[in-house]
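Proteins get letters first, then strands, A, B, ... in listed order; numbering begins at 1 in each.
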Amino acid sequence: MKVIEYALKGEPVTVNVVETPEDLPAFRDFVESNPVLGFDTETTGLEWWSPGFHCRLAQFGNATEAFVLPVELGPDYSDATRWALRKAHRLIAHNGTFDMHVSERCVDSPLEVLAPRILDTKLLAHLVDPRAVREAGPGLKLEELIKFYVDPKAAEEVKGSIAALAKKYKVKKEEIWSKVELFDPDYLLYAGMDPVWAYRLFHILLPKVPARSLKYGLVSWEHRLAHIMAKTERTGYLLDESYARARISELRADQQKWETAAATHGVENVNSNQQLIDTFTDLGVKLKKRTKPTPNNPHGQFAMDDDVLSSIGHPLAEAVVRAKKAGKWRKTWFERAIKGLDENGRVHGSVNSCQARTARMTVTGAIPALTFPAGDGYVRGMFLADKGEVSVSIDFSNMELRVMAAASGDPVMLEAFRKNEDLHNLTAIAAFGPMPPGVEKHPMRKAGKGTNFTVCFGGGWKAVSDQWGISPEDAKKAVKAFWGTYTGVKRFADKLQREARRTGYIYTATGRRLPVDRDRAYAALNYYIQSSARDITARAVIELDRAGYTPWIRLVIHDEIVFSFPRERAAELTEKAARIMEMTFKGLLIPADGEIGEQSWGSVLDLENSKH
DNA sequence: TTCATTACGTA
DNA sequence: CGTACGTAATGAAA
């Protein structure tokens, strides 16, 4: 046994490194006398589904002592790890989802065994304070949390140790995990300290979890959700590889064509805004729109976005837009998916089940599904339901506006939803007078719709005008009418703002505490709505899991859940799943509707009457 | 290599 | 006083 000593705020921490099977009894004693343990793994990378992936080290620890097991060296150590994972009553891990995949894949300890034992400091940290570092919050990464809650100096050392290791081996930071020698003392110390950090962090964070969040059961609720999302990550999504490859060649040809066109106008690099600004200036184009001022550039520079380029009306502008788009779509959607393929032809997104300030989920990596273009099935067409199954999308209708109506108890808005009236028409009528006879849609419905959404997002008349192409006069009129008509919403928004200004926080319907910057108190309404909506979707996922639907779930996207259902039972399962997802929020039904496609997800969007 | 900035895709 | 994200790319700073 090799022993490494570390001083944490003057307090000694011992890292025991198991080197031979003879060292294992001491490890077993340690596990038996510590029913609650910090747990972490070191692996060759992050892509746990990829063929070459393996676990290198497994680490267990309490506040002052840790054991490091060289799992890479063979079954003696993976067996001991598996034993410890079952023996421990609770395992504290930071982002335990990842370690669950590792244990399942590398030490034959199924997700289902580990999940009920995991206490995830990332989830706890989010309940305490969900803000990222850039929002002046603690952040959610382990190193950020150590810096904020434990010891800034130690956090610097952790960060520095990885950088130094990468430098020593002359590789990029991301490559160090597979290249570093297993018994490198710096690596072992870093690895051994991780479960100690997690253990300490847990005990610091738990007392900070808001009482109301505890009372509403959010801690176990989030763990349960994380477990379900880990299962959907494991399931992955079947990829139509030939479809993806066909789109890649198509887009590459397209990109080349438009880059050549741009080159004839003297632009070598369509992605260089500086080149474009120079060229258009030479061509006599008067640029006006500027980017936002920054400390380094107080006046901003000329903007070169789609808005500007399409208003120029020059063939070069069109070539630039098309070339950039073709390149980015190819790389971001199709090549990413191909790169993420496992040996079974499936791709696995990485789900952060509780990520945004409002706790919204994100999906990153090989399936950045939250940003797939939504107009048609072009990108989504590469994702397939399993053999013999069809793609189904079930989404909540008007979830955020319904949450706004229900949470505020506004009688006008509630009545509109209960009678299934068109809320956008209603706002238009309030602002611009009654519907002309014989029409279904108010001529100013677009202004009504823009106002409803913009107010929900915390915006004012200027935002309605800019984003929805409404004249400033009409936008002012519509926003004024909104607040005058839906007085309950007004009272609710004011109440939230007062709470935010007074305490710095608001609480959502599920007992979640959300920090609100005092100088942006207008955001409080949106935080409440967005976060409550997220929890309604999360509740739907949990209920679906209870009913046995998890193996059919492919993706969860804010207010939509995508399934792969057996073809013969698709109609029945879609109906049942939609009824499971639906819930009554403060007396108002949030309805869910399903659409059944063919095998590809894209086919759902290409349905004739698709609402997408 | 890393960071800030710009742009663009979604709910 | 529109919210919340992730990804790709440039160009400068380290």
Side-chain angles (χ1 to χ4, degrees), chain A residues 130-132 134-135 159 163 166-167 170-175 269-277 289-297 300-309 320-321 323-325 327-333 335-336 349-352 355-375 378-380 395-396 398-401 404 450-468 475 479 497 514 516-517 519-531 533-534 537 555-560 612:
Chain A
R131 290 173 300 169
R134 61 167 191 285
E135 300 171 311
K159 191 180 180 182
K167 208 172 173 185
K170 295 193 174 70
V171 295
K172 282 187 226 167
K173 262 192 196 175
E174 58 187 78
E175 290 169 28
N269 183 351
V270 293
N271 284 310
S272 168
N273 286 358
Q274 195 52 58
Q275 260 185 48
L276 293 174
I277 291 165
K289 186 174 173 184
R290 287 183 169 272
T291 57
K292 274 188 188 159
T294 62
N296 296 330
N297 196 344
Q301 56 173 352
F302 287 122
M304 231 352 107
D305 55 20
D306 198 40
D307 185 38
V308 171
L309 287 166
V320 167
V321 169
K324 272 165 72 168
K325 188 171 165 177
K328 195 173 173 191
W329 280 39
R330 171 168 63 82
K331 286 196 179 67
T332 311
W333 316 127
E335 290 183 349
R336 239 165 193 280
S350 177
V351 179
N352 301 304
Q355 179 67 25
R357 181 187 289 220
T358 53
R360 268 186 166 189
M361 294 188 211
T362 63
V363 193
T364 62
I367 316 182
L370 269 50
T371 56
F372 282 164
Y378 188 71
V379 172
R380 287 159 157 93
D395 65 1
F396 290 104
N398 270 321
M399 176 146 66
E400 297 203 332
L401 289 175
M404 179 158 77
T451 302
N452 289 338
F453 281 125
T454 305
V455 170
C456 196
F457 286 152
W461 67 267
K462 209 167 157 32
V464 176
S465 172
D466 289 350
Q467 309 294 320
W468 293 79
V479 171
Q497 286 207 31
L514 302 178
V516 182
D517 310 338
D519 55 345
R520 289 171 74 243
Y522 63 86
L525 176 67
N526 179 255
Y527 286 177
Y528 183 97
I529 294 168
Q530 193 183 102
S531 192
R534 178 274 188 188
T537 303
L555 291 166
V556 179
I557 309 169
H558 299 325
D559 65 351
E560 172 193 14
H612 286 98

Round to a whole Å and report the spacing from OH of A:Y378 to P of B:dC8. 18 Å
Paired to C:dC1 by Watson-Crick or G-U wobble criteria (both distances under 3.5 Å) is none
Quickly work out the A:Q530 CD to B:dA11 P distance and round it to whole Å. 13 Å
Gap between atoms CD1 and C1', on A:I277 and B:dT5 respectively (whole Å): 12 Å
Would you confirm whether A:R360, through its side chain, and A:Q530, through its main-chain N or O, come within 3.5 Å as a donor-acceptor pair? no
Letter per nucleotide, 5' to 3', of nucleotides 9-14 of chain C [B base touched, S only sugar-phosphate touched, - untouched; heavy atoms, 4.0 Å]: SSS---
Counting side-chain heavy atoms from CB outward, which of B:dT2, C:dT3, C:dA8 is closest to A:N526? C:dT3
A:L555 CG to C:dG6 C1': how many Å, rounded? 15 Å
In whole angstroms, the gap separating P of B:dT10 from CD1 of A:I367 amounts to 18 Å
May I ask you to evaluate whether A:R134 reaches the phosphate of C:dA4, defined as a side-chain N or O under 4.0 Å from OP1 or OP2? no
Between C:dG6, B:dA11, C:dA4, which nucleotide gets closest to the side-chain atoms of A:Y527? C:dA4
Residue-phosphate contact under 4.0 Å: A:T362 side-chain N/O, C:dG6 OP1/OP2: yes
For a quick test of reading the model: is some side-chain N or O of A:R520 closer than 4.0 Å to OP1 or OP2 of C:dA4? yes
Could you tell me whether A:G349 contacts a base, only the sugar-phosphate backbone, or nothing, with contacts defined as non-hydrogen atoms closer than 4.0 Å? nothing
Is a side-chain donor or acceptor of A:S531 paired with a backbone partner of A:T358 at a separation under 3.5 angstrom? yes
Pairwise distance OG1(A:T537) to NE2(A:H558) - rounded to 0.5 angstrom: 9.5 Å
For the side chain of A:T371, starting at C-beta, report the closest nucleotide among C:dC5, B:dA7, C:dT7. C:dC5
Please work out if A:A303 contacts a base, only the sugar-phosphate, or nothing of the nucleic acid, heavy-atom cut-off 4.0 Å. sugar-phosphate
Taking CG from A:L309 and C1' from B:dT6, how many angstroms apart are they, rounded to a whole number? 12 Å
Could you tell me whether a side-chain N or O of A:T291 sits under 3.5 Å from a main-chain N or O of A:Q301, the two making a donor and an acceptor? yes
Rounded to the Å, how far apart are A:N452 CG and C:dT3 C1'? 16 Å
To the side chain of A:K172, which of B:dA11, C:dC5, B:dT1 is closest? B:dT1
Verify the contact: side-chain N or O of A:R336 to OP1 or OP2 of C:dA8, cut-off strictly under 4.0 Å; return yes or no. yes
Looking across every strand, which nucleic acid part, if any, lies under 4.0 Å from A:R380 by heavy atom: base, sugar-phosphate, or nothing? nothing
Closest to the side chain of A:K325, out of C:dG6, B:dG9, C:dT3, is B:dG9
Using only atom types and a distance under 3.5 Å, with no angle test, would you say the side chain of A:T332 pairs donor to acceptor with the backbone of A:K328? yes
Side chain of A:T294 - closest among C:dT7, B:dT6, C:dT3: B:dT6
Among C:dG6, B:dC8, C:dC5, the nucleotide that comes nearest once only the side chain of A:D305 is considered: B:dC8
Once you apply a heavy-atom cut-off of 4.0 Å, does A:M304 come out as touching a base, just sugar-phosphate, or nothing? sugar-phosphate
With a 4.0 Å cutoff (strictly under), does any side-chain N or O of A:Y528 reach OP1 or OP2 of C:dT3? no
For a quick check of understanding: with a heavy-atom distance under 4.0 Å over all strands, which category does A:T332 fall into, base, sugar-phosphate or nothing? sugar-phosphate
By nearest-nucleotide position on DNA chain C, the 5'-leaning member of A:P368 and A:G458 is A:G458
Quick check against the 3.5 Å criterion: does A:E560 have a side-chain atom that pairs as donor or acceptor with the backbone of A:I557? no
Please classify the nucleic acid contact of A:Q301 as base, sugar-phosphate, or nothing, using heavy-atom distances under 4.0 Å. sugar-phosphate
Shortest non-hydrogen pair, A:G365 vs A:R336, comes out as O-NH1, 2.5 Å
Give A:N297 one of three labels, base, sugar-phosphate or nothing, depending on what nucleic acid heavy atoms sit under 4.0 Å from its own. nothing
Closest to the A:R357 side chain: C:dT3, C:dA4, B:dT6? C:dA4
